[in-house]
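Read the structure below first, then the notes.
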Amino acid sequence: MKKNENIVGVSILSSDFFDIKNTMKKINSSDVDFVHLDVMDGVFVPNISFGPHFISSIRSHSKKVFDVHLMVKNPYPYIRDFVNCGADIVTVHIESKNAMKSLKLLKSLNKKCGIVINPETSYKKVRRFLGIVDVVMVMTVHPGFGGQKFMENQLLKISNIATMIKKCGRDILLEVDGGINDKTLKMAKKSGANAFVVGSYLFNQPDFVVAVSNLKKV
Ligand code: DX5
Ligand code: ZN
């Protein structure tokens, strides 16, 4: 990664799963920093996506960092499955059951871990996790679906969390997820975010590789 470039991850949720081999080829030939994998259980969020089997199938087609976003009610019993299928980073929601226990398990397995915060949850809830996480991810849409509109009312939360991270002195990435495009990336960055998950915007661009390199320079 070049200095001063944005850290950009791609969420494959909105891609054509029938064409996953080509999607992975495109991702591999781009400057994308990580692949973001949205796991949904149909209970924590009103949608069902994919699980460890799907992730292990694509693992051998990419050397990129795999960032698994667990939108499930109780992630703890599944943590080992996601580590074993090839996750490099696993994030769990503050609003889910056993969040701290899941993060501790990830650390004991030598994996990076992160906490995710929903739009309606107070930024103050993040504080108790700052001693353990590598990533804090702010949802800028209600989780469940790709292609939604960026919620500008989350910008203040991003800057509040950015201040908390600075104060705690640990090296923690502040990631945003949902509705990111060239314009909203700029807004989130201005508020203090330094890693960006992008889904539908990238897959709707005529040239994926060019679009990634443009977003990295925004
Ligand atoms: C939403 C997911 C996001 C989403 C991002 O529940 O967590 O990762 O796929 O997609 P876009 O960029 O289309 O909002
Ligand atoms: Zn996500």
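Values below: all heavy atoms of this structure, side chains included; hydrogens, waters and symmetry mates excluded. Treat the numbers as computed from the prediction; the structure is a model and nothing was measured. Order of appearance sets the numbers: ligands from 1, and atoms from 1 within every ligand.
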*Please find out if less than 6.0 Å separates the ring center of Phe208 from that of Phe203.*
yes
_Taking 4.0 angstrom as the limit and counting only heavy atoms of Met139, give me the atoms of ligand 1 inside it, by number and element._
7 (O)
*Any idea which part of Ser11 is under 4.0 Å from ligand 1, heavy-atom wise: side chain, backbone, both or neither?*
side chain
*Which ligand 1 atoms, with their elements, are less than 4.0 angstrom from a heavy-atom of Met40?*
6 (O)
_Residues Asp31 and Lys64 bridged, charged N to O under 4.0 Å_ = no
*asked:* Which atom name does His69 have for its N/O/S atom nearest to the Zn ion (ligand 2)?
replied: ND1
*Can you tell me how far CG of Leu13 sits from CG of Asp38, rounded to the nearest 0.5 angstrom?*
5.0 Å
*Pull out every atom of ligand 1 sitting under 4.0 Å from any heavy atom of Gly147, numbered as shown with elements.*
11 (P), 13 (O), 14 (O)
_Enumerated ligand 1 atoms positioned under 4.0 Å from heavy atoms of Pro143_ = 6 (O)
*Under 4.0 Å from any heavy atom of Gly178, which atoms of ligand 1 are there?*
14 (O)
*State the atoms of ligand 1, each with its element, that fall below the 4.0 Å cut-off from a heavy-atom position in His36.*
8 (O)
*Which atoms of ligand 1 are found less than 4.0 Å from any heavy atom of His69?*
7 (O)
*Angle subtended at the Zn ion (ligand 2) by His36 NE2 and Asp177 OD2, rounded to 10 degrees*: 100°
*Can an N or O of Tyr201 be found at a distance shorter than 3.5 Å from an N or O of ligand 1?*
no
*asked:* Please determine whether the number of non-hydrogen atoms from other residues, nucleotides or ligands lying under 6.0 Å from atom NZ of Lys111 exceeds 12.
replied: yes
*asked:* Which residue and atom name correspond to the protein heavy atom nearest atom 6 (O) of ligand 1, and how close is it?
replied: Gly144 N, 2.7 Å
_Proximal ligand 1 atoms for Met71, defined as those under 4.0 Å from one of its heavy atoms_ = 6 (O), 7 (O)
*Whether Asn28 side chain and His61 backbone form a donor-acceptor pair below 3.5 Å*: yes
_Tell me if a side-chain donor or acceptor on Lys26 pairs with a main-chain N or O of Val209 at a distance below 3.5 Å._
no
*Residue and atom name of the nearest protein heavy atom (relative to atom 1 (C) of ligand 1), distance in Å to one decimal*: Phe145 O, 3.6 Å
*side-chain hydrogen bond (donor to acceptor under 3.5 Å, both in side chains) partner of Asn6, the single match among Lys189, Lys217, Lys216*: Lys189
*the Zn ion (ligand 2) - name of the N/O/S atom of Asp38 that sits closest to it*: OD1
*Are His142 and ligand 1 in contact, using a heavy-atom cut-off of under 4.0 Å?*
no
*Write out the residue and atom name of the closest protein heavy atom to atom 2 (C) of ligand 1, then the distance separating them to 0.1 Å.*
Asp38 OD1, 3.4 Å
_Quick test: of every protein heavy atom, which one is nearest to atom 12 (O) of ligand 1, and how far off is it to 0.1 Å?_
Gly199 N, 2.8 Å
*asked:* Looking only at protein heavy atoms, which one is nearest to atom 13 (O) of ligand 1, and what is the separation?
replied: Ser200 OG, 2.5 Å
*Keeping the roles fixed (side chain from Asp41, backbone from Phe44), state whether a donor-acceptor pair exists under 3.5 Å.*
yes
_Suppose we measure from atom 5 (C) of ligand 1 to each protein heavy atom; which comes out shortest, and what is that distance?_
Asp177 OD1, 3.6 Å
*For atom 14 (O) of ligand 1, find the nearest protein heavy atom and state the residue, atom name and distance (0.1 Å precision).*
Gly179 N, 2.8 Å
_Before you tell me yes or no, could you show the steps for Asn181 and Thr184 under side chain to side chain donor-acceptor pair (under 3.5 Å), namely the whole-Å CA-CA distance, both residues' side-chain angles and the distance that decides it to 0.1 Å?_
CA-CA 5 Å; Asn181 56 38; Thr184 56; 3.2 Å; yes
